[in-house]
Amino acid sequence: MNYSLHEWNHIFKLDPAKDIADDDLRDICESGTDAIIVGGTDGVTLDGVLDLLSRIRRHTVPCILEIANMESITPGFDYYFIPMVMNTTEKKWMMDLQHQAIKEYKELLNWDEMFVQGYCILNEESKAFKQTKCVMPDADDVEAYAHMAENVFHLPIFYMEYSGTYGDPKLVEKVRQQLTTTKLFYGGGIENQFQAQEMKEHADTIIVGNLVYDNIKKALKTVQAVKK
Ligand code: 1GP
């Protein structure tokens, strides 16, 4: 496994479909965060991705593309995250899109730069949950998905995705106990440094998204809150 995954405590996720001012982007990139993910659910276009990439590249922070659709895949990122939605009811989101992308691009792929994420989407109201036709898992289901991510699929990342709402720290703690080598990512609804710390108690990496756009000062404070 790539060494860098072990080092990432905090990542900001920026949405190429949303505007961010140059000053704010500079502060995010220079904040001490471990990496920036470029990713979103709706309106992700190649132009939007390339624009954000070129602006992030003025800084030294590692930059990751979380692949949202075939149209917006481009070279130039340090790493690529490939989501596989584990609690979807449609095989498309777990297997078929990934299959299609690999079929098209396999000669170009460098697997040292690519990480498959076992996604478990846990906010029923989120766009991602609806778009990927998820079913809401109970706590035992989530633990079993984590166990499968590690032991059946040998994925480098299991991602508890509460996008837009703050999750259950007790469940994150339980899921942590299922994992030994697979890294636990937590994302969703982090609105301040205390929530960042609370989730980082159990997750290897926390992801902060919306707060960048809602309250940049508070977003910046989440970085130092989780540094070891
Ligand atoms: C979204 O997990 C990330 O994919 C972060 O969630 O936008 O709610 O912070 P928020």
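Counting starts at 1 for both ligands and their atoms, following the listed order.
Residue-level proximity to ligand 1 for Y162 is absent, since no heavy atom of it falls below 4.0 angstrom.
Looking only at heavy atoms of the protein, atom 3 (C) of ligand 1 is closest to Y159 OH, 3.3 Å. The nearest heavy-atom contact from the protein to atom 7 (O) of ligand 1 is N210 N, 2.8 Å.
Applying the ring pair (Phe, Tyr, Trp, His ring centres under 6.0 Å) definition to pairs two or more places apart or across chains, those involving residues 117-150 are Y119-Y159.
No salt bridge links E191 with K218; every basic N to acidic carboxylate O contact stays at or beyond 4.0 Å.
Here the shortest heavy-atom distance to atom 6 (O) of ligand 1, taken over G188, A219, G167, G39, belongs to G188.
For F185, the closest heavy-atom approach to ligand 1 does not fall below 4.0 Å.
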Task: side chain to side chain contact (heavy atoms under 4.5 Å, CB included) evaluation trace for T45 with E71 - done: CA-CA 7 Å; T45 63; E71 301 75 58; over 6 Å; no

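Residues Y166 and E198 form a side-chain contact, since some pair of their non-hydrogen atoms from C-beta on lies under 4.5 Å apart.
Among the atoms of E161, some N or O lies under 3.5 angstrom from an N or O of ligand 1. For ligand 1, the polar-atom distance check against Y119 finds no nitrogen or oxygen pair separated by under 3.5 Å. The N/O atoms of G164, backbone and side chain alike, include one that comes under 3.5 Å of an N/O atom in ligand 1.
The aromatic rings of W8 and Y79 lie perpendicular to each other, with more than 60° between the two planes, well past the 30° mark.
Close approach of ligand 1 to G209 is summarised as follows: ligand atoms under 4.0 Å from at least one heavy atom of the residue are 5 (C), 7 (O), 9 (O), 10 (P). Atoms of ligand 1 lying under 4.0 Å from at least one heavy atom of G189, given by number and element, are 8 (O), 9 (O), 10 (P).
In terms of the side chain to side chain donor-acceptor pair (under 3.5 Å) criterion, R26 has no residue partners (sequence neighbours excluded).
With K183 as the fixed residue, the side-chain contact (heavy atoms from CB on, under 4.5 Å) test singles out one of D204, L155, T205: D204.
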